Amino acid sequence: MKDEVYTLLGNKNLSKTPCRVEILNTLIEAGTALSENDIRNKLSYNFDRTTIYRTIKSFLDQDVIHSISLDNGEVRYAITRTREKHIEHFHAHFYCDGCTNVYCLPRPEFIPPQLPEGFVASGFDLLINGKCKNCHNHRQDIW
């Protein structure tokens, strides 16, 4: 995991500060998108809020991580995996209504919407709601 973190930082020419390394490790270990508060609570060292905010902003600016805006206004963050050039702006996520985890989908299988003439998209997110494998298998529904 440490190798992946150092590779992510090295690819963007970012220094390997303790805060950067720990935030990336936290996101990788989580396996799901995390809010800023979730990240802060999982860090083993108590970095100040400004340092965490600036680190997240730097990661967003460098496309090391990306943000996911949920319907309730909450923002979560996930590692940006290498994407094919022609689909890099078309990213899909799955939100579990049961456990509230957010997962990046590996590749969108949808056609981007056609925009009116003169409009240019800089990107978009697709958020799919439902139940993840764990929540679906443990449901208490009685039909």
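The model shown is predicted, which means the values in this text are computed figures rather than measured ones.
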Exercise. When rounded to the nearest 0.5 angstrom, what distance separates CD1 in Ile56 from OH in Tyr77?
Worked result: 5.5 Å
Seminar exercise, completed: dist Tyr95:OH -> Thr32:OG1 (nearest 0.5 Å) comes out at 10.0 Å
For this session: Check Ser67 against Leu60 and note the closest heavy-atom contact, atom names and distance.
Result: N-CD2, 3.7 Å
For this session: Could you check if a side-chain atom of Leu43 sits within less than 4.5 angstrom of a side-chain atom of Ile52, using non-hydrogen atoms only?
Result: yes
Seminar exercise, completed: Ile79 and His66 have their tightest heavy-atom pair at O-CE1, 3.3 Å
For this session: Verify, without hydrogens or angle tests, whether Asn25 (side chain) and Glu22 (backbone) share a donor-acceptor contact under 3.5 angstrom.
Result: no
Exercise. With side chains defined as the heavy atoms from C-beta onward, is the minimum distance between Ile28 and Glu4 less than 4.5 Å?
Worked result: yes
For this session: Considering non-hydrogen atoms only, spot the tightest contact between Leu70 and Val102 and give its length.
Result: CD2-CG2, 3.8 Å
Problem set entry | Cluster check Val75, Phe59: I/L/V/M/F/W/Y, side chain < 4.5 angstrom | yes
For this session: Kindly indicate, with the supporting measurements, whether the criterion side-chain contact (heavy atoms from CB on, under 4.5 Å) is fulfilled by Arg40 and Asn37.
Result: CA-CA 5 Å; Arg40 193 175 325 106; Asn37 197 39; 2.9 Å; yes
Problem set entry | Lys/Arg N to Asp/Glu carboxylate O, Arg76 vs Glu74, below 4.0 Å | yes
For this session: Any chance you could measure Asn11, atom CG, to Tyr6, atom OH, to the nearest 0.5 Å?
Result: 14.5 Å
Seminar exercise, completed: For Tyr103 and Cys99 the tightest heavy-atom approach is OH-SG, 4.4 Å
Exercise. Linking I/L/V/M/F/W/Y whenever any side-chain heavy atoms sit under 4.5 Å apart, do Ile68 and Leu34 land together?
Worked result: no
Exercise. Which pair of non-hydrogen atoms, one from Ser15 and one from Leu9, has the smallest distance, and what is that distance?
Worked result: O-CD1, 4.1 Å
For this session: For the pair Lys57 and Asp61, find out whether any cationic side-chain nitrogen is under 4.0 Å from an anionic carboxylate oxygen.
Result: yes
For this session: With rounding to the nearest 0.5 Å, note down the distance linking NZ in Lys42 to CD1 in Ile23.
Result: 13.5 Å
Exercise. Within the side chain of Lys12, is there an N or O that forms a donor-acceptor pair under 3.5 Å with the backbone of Gln62?
Worked result: yes
Exercise. Quick one: does Arg20's side chain have a donor or acceptor within less than 3.5 Å of a partner on Leu14's backbone?
Worked result: no
Problem set entry | Between NZ on residue Lys133 and CZ on residue Phe94, distance to nearest 0.5 Å | 13.0 Å
For this session: Enter the distance from Glu29:CD to Leu24:CG here, rounded to the nearest 0.5 Å.
Result: 11.0 Å
Problem set entry | Heavy-atom closest pair, residues Leu127 and Ser69 | CD2-O, 4.3 Å
Exercise. Quick check: are there more than 12 heavy atoms from other residues, nucleotides or ligands sitting under 6.0 Å from CG of Asn41?
Worked result: yes
Problem set entry | Residues in ring-ring contact (aromatic ring centres under 6.0 Å, His included) contact with Tyr45, at least two apart in sequence or another chain | Phe47
